[in-house]
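First the structure, in the form of structure tokens, and then the observations on it.
If you're wondering where the values come from, they're calculated on a predicted model, not measured in any experiment. Labels below follow one simple rule: chain letters A, B, ... track the order of the sequence lines, proteins then strands, and each chain is numbered from 1.
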Amino acid sequence: MGSAVSTEAKDVFKNTTEVVARTESSMSLFGRKNEVISQLLALANECSTDGWDGGEAMALNRDAVRNVEAFIRAIPDDFPLPDVAPEPDGSVSLDWIRSRHRMFSMSVGSSNKIAYARMNGASRDHGVFSFDYVSIPQGVLVNIMEVMGNGITSFRVA
Amino acid sequence: MALLPSGLPDHVDDAEDLARFLVQSKWFKNGMAKPVAFLPYPKDRETSVSRHGQEPADRLWAIGLHVAGDRTLYGVALFKASVVRKEGLEVYPDEPPDFHAVIRDWPWNDSNMTLQKDMQLAMAQVLASEAKLVIKK
């Protein structure tokens with residue numbers, strides 16, 4: 001006796017399941033990015049005045065905060081998201097830290113020039129790249145991928 | 001070698017412990033201090049530290065609470081002066097207050113702040129990788 005479910009029905013079910021999974025994944029990413037942006041905005045509020053450290057730290061620069069938000073939104077799907085932290089000169093620090101010898105750090109200020117440093121075991125590198133507020137240079141993403149080394153071999157550009 | 005009010009010598013030896021107190025919750029995670037915790041402050045172009053190790057703990061935290069003032073003291077990152085010097089930076093005693101020192105000679109570019117920041121970040125990453133994080137209970 002054959003199955004009561006047709007091949008076509010099975011295909012529809014499979015395709016629907018995949019769409020739902022992708023949608024949930026997108027929503028999950030949307031949620032994750034929003035969580036990081038919420039942390040960023042909370043930080044901007046906490047560090048909105050000079051001396052937020054009890055000393056001589058400068059208030060977080062509003063343009064820096066806006067630039068970080070744009071950067072986070074530009075991060076591709078299925079890509080690890082950074083930790084954000086305030087810098088004493090009012091810039092915002094973004095870190096991807098895999099271990100104490102594998103990390104990728106960025107400093108985002110008021111301009112579109114972003115400073116970065118990479119430590120991947122004994123290999124170290126640093127430099128500056130330009131961010132057009134829409135997409136992140138491929139080389140930067142590859143560097144982060146290599147440091148985080150969590151098996152990501154490809155990603156979709158947002 | 002002269003002695004400072006704290007009783008410490010006026011030169012910081014390579015083997016000395018340095019303490020960077022953490023007054024920002026985002027400056028550490030997963031058992032380590034982040035590079036941002038070591039970056040220099042723009043006004044004096046230096047990073048404030050204390051010449052103190054993990055023990056005696058009560059004195060360490062007393063110094064830390066003084067540094068933190070009204071802010072919450074979350075913990076401390078401990079590292080050797082030799083690590084600082086290996087990166088081309090220098091540690092200078094800077095009392096008062098007792099035990100205070102500063103990390104200076106960070107790369108600085110007055111005409112382009114971004115050009116200096118990548119070098120500073122690279123050095124700060126090394127300090128972060130070598131520092132031991134102790135959370136205040």
Side-chain angles (χ1 to χ4, degrees), chain A residues 36 39-40 42-43 46-47 50-58 60-61 64 82-131 147, chain B residues 20-48 64-74 77 79 87 100 106-109 112-133:
Chain A
V36 176
Q39 290 172 9
L40 170 69
L43 212 52
E46 181 188 343
C47 305
D50 290 348
W52 50 260
D53 63 332
E56 295 175 335
M58 296 169 64
L60 281 198
N61 182 285
D83 292 324
V84 295
E87 295 185 12
D89 68 353
S91 304
V92 179
S93 191
L94 275 62
D95 291 293
W96 288 258
I97 298 177
R98 179 68 194 269
S99 71
R100 59 175 56 245
H101 297 294
R102 294 177 70 179
M103 59 185 104
F104 191 94
S105 304
M106 281 181 197
S107 174
V108 182
S110 56
S111 81
N112 72 330
K113 300 281 185 258
I114 297 181
Y116 73 88
R118 177 184 65 86
M119 175 187 282
N120 196 1
S123 170
R124 294 171 60 191
D125 183 27
H126 59 86
V128 176
F129 68 91
S130 295
F131 175 50
V147 164
Chain B
R20 174 71 178 152
F21 291 104
L22 306 173
V23 296
Q24 227 296 327
S25 63
K26 299 294 187 187
W27 280 4
F28 59 98
K29 187 177 178 182
N30 294 343
M32 69 176 266
K34 295 181 188 174
V36 61
F38 300 90
L39 289 176
Y41 279 50
K43 181 171 174 252
D44 295 318
R45 306 184 178 188
E46 59 193 27
T47 304
S48 182
L65 288 169
H66 177 76
V67 166
D70 293 336
R71 301 287 304 174
T72 301
L73 176 63
Y74 292 95
F79 52 104
E87 288 303 300
H100 187 243
W106 292 88
W108 217 270
N109 187 325
N112 192 326
M113 300 280 284
T114 308
L115 284 183
Q116 80 209 8
K117 186 59 75 70
D118 64 312
M119 290 187 281
Q120 292 177 0
L121 270 179
M123 294 167 166
Q125 281 187 334
V126 172
L127 299 183
S129 72
E130 297 293 328
K132 173 184 177 182
L133 173 69

Atom group of [X] that falls short of 4.5 Å from chain B, counting heavy atoms:
X: A:Ser107; result: both
X: A:Phe129; result: neither
X: A:Asp89; result: both

Calculate, to the nearest 0.5 Å, the distance between atoms CZ and CE belonging to A:Arg100 and B:Met32 respectively.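 One finds 5.5 Å between CZ of A:Arg100 and CE of B:Met32.
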
Distance, nearest 0.5 Å, that separates CD of B:Gln24 from CG of A:Leu43: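 So the gap between those two atoms works out to 5.5 Å.
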
Examine whether an atom of [X] lies under 4.5 Å from a heavy atom of chain A, and if so say whether it belongs to the side chain, the backbone or both; otherwise answer neither.
X: B:Met123; answer: backbone
X: B:Asp44; answer: side chain
X: B:Lys117; answer: both
X: B:Gln125; answer: both
X: B:Gln116; answer: neither
X: B:Ala131; answer: backbone

Pick from [options] with the largest number of heavy-atom pairs that fall under 4.5 Å of chain B:
options: A:Gly109, A:Ser99, A:Ala57; value: A:Ala57
options: A:Cys47, A:Gly55, A:Pro86, A:Ser91; value: A:Pro86
options: A:Met103, A:Met58, A:Met106; value: A:Met103

Would you name the heavy atoms of [X] and [Y] that are closest together and state the gap between them?
X: B:Pro35; Y: A:Ser105; answer: CG-OG, 3.6 Å
X: B:Asp118; Y: A:Gly127; answer: CB-O, 3.1 Å
X: B:Lys34; Y: A:Ala85; answer: NZ-CB, 4.4 Å
X: B:Val23; Y: A:Asp53; answer: CG2-O, 3.6 Å
X: A:Glu87; Y: B:Val36; answer: CG-CG2, 3.6 Å

Check salt bridge (charged side-chain N to carboxylate O under 4.0 Å, His left out) between A:Asp83 and all other residues, then give those that pass, not counting sequence neighbours.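 With sequence neighbours excluded, A:Asp83 shows a salt bridge (charged side-chain N to carboxylate O under 4.0 Å, His left out) to B:Lys29, given in chain and number order.
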
Mind running side-chain contact (heavy atoms from CB on, under 4.5 Å) on B:Leu121 and A:His126 for me, showing each step along the way? CA-CA 8 Å; B:Leu121 270 179; A:His126 59 86; over 6 Å; no

A:Arg124: partners by side-chain contact (heavy atoms from CB on, under 4.5 Å), with sequence neighbours left out: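 Partners of A:Arg124 by the side-chain contact (heavy atoms from CB on, under 4.5 Å) criterion, ordered by chain and then number, come out as A:Met119, B:Glu87, B:Ala122, B:Val126.
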
